[in-house]
Protein chains: 4
Amino acid sequence: MSPENPLPQTESIWSHRVYYGETDAMGVVYYANYLHWFEQARNQLLLDCGSSYGQMEEEGLFLPVSEAHCSYLEPARFDQVIAVHSTIEELKRASICFVYRIINRSRGERLITRGWTKHACVDREGRMLRFPQWFRDLFC
Amino acid sequence: MSPENPLPQTESIWSHRVYYGETDAMGVVYYANYLHWFEQARNQLLLDCGSSYGQMEEEGLFLPVSEAHCSYLEPARFDQVIAVHSTIEELKRASICFVYRIINRSRGERLITRGWTKHACVDREGRMLRFPQWFRDLFC
Amino acid sequence: MSPENPLPQTESIWSHRVYYGETDAMGVVYYANYLHWFEQARNQLLLDCGSSYGQMEEEGLFLPVSEAHCSYLEPARFDQVIAVHSTIEELKRASICFVYRIINRSRGERLITRGWTKHACVDREGRMLRFPQWFRDLFC
Amino acid sequence: MSPENPLPQTESIWSHRVYYGETDAMGVVYYANYLHWFEQARNQLLLDCGSSYGQMEEEGLFLPVSEAHCSYLEPARFDQVIAVHSTIEELKRASICFVYRIINRSRGERLITRGWTKHACVDREGRMLRFPQWFRDLFC
């Protein structure tokens, strides 16, 4: 593993009970809402590493999404409890990739969704930025 | 009608086709989504009056919601076309009240929702502001 | 207190960390999202009473919202932790009213929002239903 | 081009004005909301072809999303008018792929987003279904 591309083994888990406002008329969670869960899962990962997205912003570091992907294996339904497992797949000079697996805890811990999001690292004005060392150190 | 409380007769109509992402597992539009429609309807009203919310902000005028109310008379369903009729009910020194009626055009033009939102008029820093004359003139 | 209008003293608390997807370009939580929180808070209240909205539906009991109200006293912002306190204000023959107070735990426990929702009690076909005794007993 | 993989040249355009509820505290449209636009764009495509998703469901045809992808090239902001161009990229026996390009009409018609969604064709019970001929004929 090169220093440019460390793959920290940190895994974070964010749990959630599905509510009506997330479902649609097919009776299942609407496909866009998984991206809301992904955000909450990566916020949790930063908290678990001793920082927070809020703190990053105070330091002038922003992580706008440049790409998102989601594979819907099985639906989630109202009142089910799901757990989003998130890890950092790739940490480059100025971009980061989070990977997510969603487990349905109300249906035998089945894996129901896989996804990932790629983010640029930019300053307040949107200019590309190298990740500072303190950020890299969070995941060691 | 007092100058402090003009009730402009402007009525604006914003039409929309219900999509899956707005419905829930009960098969009807989720109750919070009517507030999204209300925003789009009042944006339309400002456009119809020759301004826009975006232009107001450029002038340093913001209208944060201070109160919202909604009465759900009948549900709206996927693929139905609805029309939100909006008017200004009250225009005070530093607050404004919009009133909304939602008509289901796919079900005999039935009235299905009534609502209103009350907004303060503030500057960029959130300080109370009197509505400027150019704003009042929009509705004459 | 009449048997027709018991006011159970049950109070439930649902906590939540504000994420980006709930905020808007004014930097604060979008006004419709408080209604999402209200739903999650009343789901929590039913769980705390030993039932769940999912279980109610299995029993053929549905609670569509007939009216919703929200007063926005102060905004909530990204990364702040809020707590929604919910109680049952009124339990009539075939309708129920939940009341909500939102506390900003990241800003000195300030009360930032007040709201309520009124729900009808209906069966799967949408016909009015009297609340069964087992439901009333949840709150005693 | 094989009969199994026709690439209909139909392109549909769905236009929309960005409203506050779609933006986040970074001042731009929240990344999950593009998936809401994608749905509305493919609904429009079916309407333009003389059918509708509602009609498909009446015929017992459902198109749950199995995969979604989005590349965010440039942000969209409040009050900007965007146009989602959608086409059918692939129509297999029992799956369909829609491709989307979003143009920012308020910023020199710049391409700001690319995305695609893949859908299975299933019946009311969720069983795989071959697309019927009447559906294929929509795009000829």
Side-chain angles (χ1 to χ4, degrees), chain B residues 21-43 52-54 56-58 60-77 84 95 97-98 100 102 112-128, chain C residues 21-43 52-54 56-58 60-77 84 95 97-98 100 102 112-128:
Chain B
E22 297 176 318
T23 60
D24 67 21
M26 263 198 222
V28 301
V29 172
Y30 186 64
Y31 81 130
N33 290 327
Y34 292 83
L35 273 62
H36 286 255
W37 295 353
F38 290 169
E39 189 211 330
Q40 289 173 89
R42 61 183 181 262
N43 289 348
S52 77
Y53 195 79
M56 286 181 55
E57 294 201 339
E58 284 169 30
L61 223 66
F62 297 80
L63 297 180
V65 183
S66 57
E67 217 171 336
H69 187 89
C70 194
S71 295
Y72 308 90
L73 312 177
E74 281 184 26
R77 292 175 190 278
V84 185
S95 73
C97 182
F98 294 90
Y100 316 92
I102 306 182
I112 59 167
T113 320
R114 286 178 176 287
W116 51 266
T117 56
K118 198 170 169 181
H119 305 251
C121 179
V122 302
D123 66 12
R124 209 172 297 274
E125 280 72 40
R127 285 175 301 228
M128 272 295 206
Chain C
E22 297 176 318
T23 60
D24 68 21
M26 264 198 221
V28 300
V29 172
Y30 186 64
Y31 81 132
N33 291 328
Y34 292 83
L35 275 61
H36 286 255
W37 295 351
F38 290 170
E39 189 212 330
Q40 288 171 92
R42 63 183 179 262
N43 290 347
S52 78
Y53 194 79
M56 286 182 54
E57 294 201 341
E58 283 169 29
L61 224 66
F62 297 81
L63 297 181
V65 182
S66 57
E67 218 170 335
H69 187 90
C70 194
S71 294
Y72 308 91
L73 311 177
E74 282 186 22
R77 292 174 190 279
V84 185
S95 73
C97 183
F98 294 90
Y100 316 92
I102 304 182
I112 59 168
T113 320
R114 286 178 177 285
W116 52 265
T117 55
K118 199 171 169 183
H119 305 251
C121 179
V122 303
D123 66 13
R124 207 171 298 274
E125 280 72 40
R127 283 174 303 227
M128 273 295 205

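Because the structure is predicted, anything quoted here is derived from the model rather than measured. Letters A, B, ... are given to chains in the order of the sequence lines, protein chains preceding strands, and every chain is numbered from 1.
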Requested in this report: Considering only heavy atoms and a distance below 4.5 Å, find which of B/P75, B/S66, B/G115 pairs most often with chain C.
Outcome: B/S66

Requested in this report: To the nearest 0.5 angstrom, please state how far the NZ atom of B/K118 sits from the OH atom of C/Y72.
Outcome: 14.0 Å

Query raised in the report: Top residue by heavy-atom pair count (under 4.5 Å) with chain B, among C/C70, C/G126, C/P64?
Result: C/C70

Report summary line: Those residues at least two apart in sequence (or on a different chain) that pass salt bridge (Lys or Arg N to Asp or Glu O under 4.0 Å) with C/E57 are none

Report summary line: The interface call for C/T117 against chain B, heavy-atom contacts under 4.5 Å, is side chain

Query raised in the report: Under 4.5 Å, heavy atom to heavy atom, which residues of residues 30-40 of chain B contact chain C?
Result: B/Y30, B/Y31, B/A32, B/L35, B/H36, B/F38, B/E39

